[in-house]
*Asks:* 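Just passing along the structure, written as structure tokens.
As a basis for the values below, the full set of heavy atoms in this structure was taken, side chains included, without hydrogen atoms, waters or symmetry mates. Just so it is clear, the structure is predicted and the values come from calculations on it, not from any experiment. Every number for a ligand or one of its atoms is a count from 1 in the order of the listing.
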Amino acid sequence: MLGRLIKLRTLIDSRGGLAFAESHHDVPFEIKRVYYIFNLDQERKRGEHAHKKLKQLMICVKGSCKVLLRDADSSFEHHLKEPTVGLLVEEPLWREMYGFSEDCVFLVLANEYYDESDYIRDYEEYVNFMKIDENL
Ligand code: TYD
């Protein structure tokens, strides 16, 4: 498997559910940024990039979607459909998100502020980056 699934601490009672994540306790990094995507086009992909350093916890807080994680050798498709499960991506993996349900809200907790220079948006470039990384 690529990426790691984390079960979030969750409290459920007759009023409903509450799930939470704290820096270092539930998520193995300091959370500096939160973003979410919503009203998604069900026919189109998001992502299609890798991050050189960024660490993320991805949570499909409503609905469902698929997340494909890929490195230079293998790939793994996750089907996220639980608001209490996060997908931890700490390595520079290529990621693609697709197959969004109509109601999907996809939340990401990240350890850094937005930085375009941390993105690799071309898969060939990503494979080369991983080769260089291996040789360091
Ligand atoms: P991007 O990460 O490419 O989105 P996706 O992978 O879902 O397609 O981000 C799209 C644009 O949004 C990007 O060019 C800049 C902007 N953006 C921010 O300004 N801050 C953020 O935290 C994020 C995630 C994106």
*Asks:* Provide the closest heavy-atom pair for F106 versus V67 in the form atom of the first, atom of the second, distance.
*Replies:*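 Nearest heavy atoms, F106 then V67: CE1-CG2, 3.9 Å.
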*Asks:* So, regarding R33 and ligand 1 (criterion: nitrogen or oxygen to nitrogen or oxygen, under 3.5 Å), is there a contact or not?
*Replies:*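 Yes, there is a polar N/O contact under 3.5 Å.
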*Asks:* At the 4.0 Å heavy-atom cut-off, does R121 count as touching ligand 1?
*Replies:* yes
*Asks:* Just to confirm, does any protein heavy atom lie below 4.0 Å from atom 3 (O) of ligand 1?
*Replies:* yes
*Asks:* Would you check if there is a donor-acceptor pair between the side chains of Y98 and E48 at a distance under 3.5 Å?
*Replies:* no
*Asks:* Okay, side chain of D26, backbone of L8: is any donor-acceptor separation there less than 3.5 Å?
*Replies:*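 Looks like no, no N/O pair under 3.5 Å.
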*Asks:* My question is simple, although I want it checked carefully: is atom 10 (C) of ligand 1 less than 4.0 angstrom from any protein heavy atom?
*Replies:*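 There is no protein heavy atom less than 4.0 Å from atom 10 (C) of ligand 1.
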*Asks:* Have a look at ligand 1 and work out which part of E48, if any, has a heavy atom under 4.0 Å from it: side chain, backbone, both or neither.
*Replies:*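 Neither; nothing of E48 gets under 4.0 Å from ligand 1.
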*Asks:* Which residue owns the protein heavy atom closest to atom 8 (O) of ligand 1, what's the atom, and how far is it?
*Replies:*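 Sorting protein heavy atoms by distance from atom 8 (O) of ligand 1 puts R46 NE, 3.3 Å first.
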*Asks:* Given that the side chain starts at C-beta and the backbone is N, CA, C, O, which of these parts of H51 lies under 4.0 Å from ligand 1, counting heavy atoms, or is it both or neither?
*Replies:*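 Within the 4.0 Å criterion, H51 makes no contact with ligand 1.
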*Asks:* Looking at E22 and R9, does any basic side-chain N land under 4.0 Å from a carboxylate oxygen?
*Replies:* yes
*Asks:* May I ask which of Y114, Y119, Y36 has a heavy atom nearer to atom 19 (O) of ligand 1 than the others do?
*Replies:* Y114
*Asks:* Compare every heavy atom of F100 with every heavy atom of C65, then report the nearest pair and how far apart it is.
*Replies:* CB-CD2, 3.4 Å
*Asks:* Between G47 and ligand 1, does any nitrogen or oxygen pair lie at a separation below 3.5 Å?
*Replies:* yes
*Asks:* Does the ring centre of Y123 sit less than 6.0 Å away from the ring centre of Y126?
*Replies:*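 Ring centroids of Y126 and Y123 are less than 6.0 Å from each other.
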*Asks:* Salt-bridged, R121 to E116, with N to O below 4.0 Å?
*Replies:* yes
